[in-house]
Trainee: 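The structure under discussion is supplied below as structure tokens; questions concerning it will follow.
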Amino acid sequence: MAKYTTYQSDNKVIVVSRFAGKAVRGIAKCDPNDLFNGVFGEELAKARCDLKISTKRQRRACELAVQALEQLKAAQARVDRAMEYVKEATTEIEVASKRVAELEAKAQK
């Protein structure tokens, strides 16, 4: 639940909350031709503040998802290289084992 600080002056309500250590404001102004309602103004300012915070959270979540996908791609590339190394090492073992067996068989003749 967000915490708000509310400021009211004349026909304007400003609500301040925090996201990621920074102040985020929501503002509601009453048209000079309308009757000012401070309760409604505060609700509207809070809703606008919440919208800003939600937008910032979504942007941050997308940035984190992109970073995670980049890290996953890099990790997959490392796994692919490691698996190729295992395959090459296994082939070398098979070739060396076969060569040893051939030489041992030749020595017994």
Side-chain angles (χ1 to χ4, degrees):
M1 182 83 172
K3 293 183 180 181
Y4 305 99
T5 303
T6 303
Y7 303 94
Q8 187 173 324
S9 174
D10 297 326
N11 66 342
K12 183 191 293 188
V13 177
I14 301 171
V15 171
V16 180
S17 189
R18 299 196 72 75
F19 174 72
K22 295 183 180 179
V24 179
R25 295 183 305 158
I27 301 172
K29 293 182 190 177
C30 181
D31 185 278
N33 297 324
D34 291 337
L35 180 62
F36 178 75
N37 181 331
V39 173
F40 177 78
E42 185 174 355
E43 281 184 52
L44 181 58
K46 283 180 181 179
R48 288 177 173 166
C49 184
D50 289 343
L51 178 60
K52 284 183 180 180
I53 290 171
S54 297
T55 302
K56 290 175 183 289
R57 288 186 74 223
Q58 182 192 38
R59 187 178 309 123
R60 179 67 179 139
C62 289
E63 289 170 359
L64 291 174
V66 167
Q67 289 173 2
L69 287 171
E70 289 171 355
Q71 292 169 350
L72 178 61
K73 185 178 176 181
Q76 185 62 55
R78 287 192 303 274
V79 168
D80 292 345
R81 287 191 303 270
M83 293 307 294
E84 187 61 33
Y85 185 53
V86 168
K87 183 179 171 183
E88 290 171 4
T90 301
T91 300
E92 288 175 4
I93 288 173
E94 291 169 356
V95 169
S97 294
K98 185 177 177 183
R99 180 72 176 136
V100 168
E102 289 171 354
L103 291 172
E104 287 175 346
K106 186 178 180 181
Q108 292 178 359
K109 288 186 182 182

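For clarity, every value in this text was computed on a predicted model and none was experimentally measured. What you see below is based on every heavy atom in this structure, not just the backbone, and it leaves out hydrogens, waters and symmetry mates.
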Trainee: Nearest heavy-atom pair of K3 and S17: which atoms, and what distance?
Mentor: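 So the minimum-distance heavy-atom pair works out to O-OG, 2.8 Å.
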Trainee: Step through the shown structure and confirm whether more than 12 heavy atoms of other residues, nucleotides or ligands are within 6.0 Å of CD on Q58.
Mentor: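 Not more than 12 within 6.0 Å, no.
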Trainee: For I27 and K12: C-alpha separation, side-chain torsions, deciding distance, then whether side-chain contact (heavy atoms from CB on, under 4.5 Å) applies.
Mentor: CA-CA 7 Å; I27 301 172; K12 183 191 293 188; 4.1 Å; yes
Trainee: Is E102 paired with K106 through a side-chain N to carboxylate O contact shorter than 4.0 Å?
Mentor: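 E102 and K106: not salt-bridged.
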Trainee: For the backbone of R25 and the side chain of K52, can you confirm whether one donor and one acceptor N or O come within less than 3.5 Å of each other?
Mentor: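 At least one qualifying donor-acceptor pair exists.
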Trainee: Minimum heavy-atom separation for N11 and P32, please, with both atom names.
Mentor: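 So the two residues come closest at ND2-N, 4.4 Å.
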Trainee: Indicate yes or no: at least one non-hydrogen side-chain atom of K46 is less than 4.5 angstrom from one of E43.
Mentor: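 K46 does not reach E43 side chain to side chain.
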Trainee: N37 and V39: which non-hydrogen atoms are nearest, and at how many Å?
Mentor: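 Looks like OD1-N, 3.1 Å.
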Trainee: Taking all non-hydrogen atoms of both residues, which atom of G38 and which atom of V13 are closest, and how far apart?
Mentor: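 Here G38 and V13 meet closest at O-CG2, 4.2 Å.
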Trainee: Please round to the nearest 0.5 Å and tell me the distance separating atom CZ of R81 and atom CD of Q76.
Mentor: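 Those atoms lie 10.5 Å apart.
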Trainee: To the closest 0.5 Å, what do you measure between OG1 (T90) and CD (E92)?
Mentor: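 Rounded to the nearest 0.5 Å, the OG1-CD separation comes out at 9.0 Å.
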Trainee: Determine whether more than 12 heavy atoms belonging to other residues, nucleotides or ligands lie under 6.0 Å from atom CG of L64.
Mentor: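 Counting other residues, nucleotides and ligands, CG of L64 exceeds 12 neighbours.
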Trainee: Does the side-chain contact (heavy atoms from CB on, under 4.5 Å) test come out yes or no for F19 and T55, once each step is laid out?
Mentor: CA-CA 11 Å; F19 174 72; T55 302; over 6 Å; no
Trainee: For the pair E63 and R60, evaluate side-chain contact (heavy atoms from CB on, under 4.5 Å) and give the outcome as yes or no after the intermediate values.
Mentor: CA-CA 5 Å; E63 289 170 359; R60 179 67 179 139; 3.7 Å; yes
Trainee: Pair V95, R99 - check side-chain contact (heavy atoms from CB on, under 4.5 Å), show working.
Mentor: CA-CA 6 Å; V95 169; R99 180 72 176 136; 5.5 Å; no
Trainee: For E42 versus T6, what's the shortest heavy-atom pair and its separation?
Mentor: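 Shortest heavy-atom contact: OE2-OG1, 3.2 Å.
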Trainee: Mind checking the NZ-CG spacing from K29 to D10? Nearest 0.5 Å is all I need.
Mentor: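 The distance works out to 12.0 Å.
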Trainee: May I ask whether L51 and V24 are part of the same hydrophobic cluster, defined by side-chain heavy atoms of I, L, V, M, F, W, Y residues being less than 4.5 angstrom apart, directly or through others?
Mentor: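 No, no single cluster joins them.
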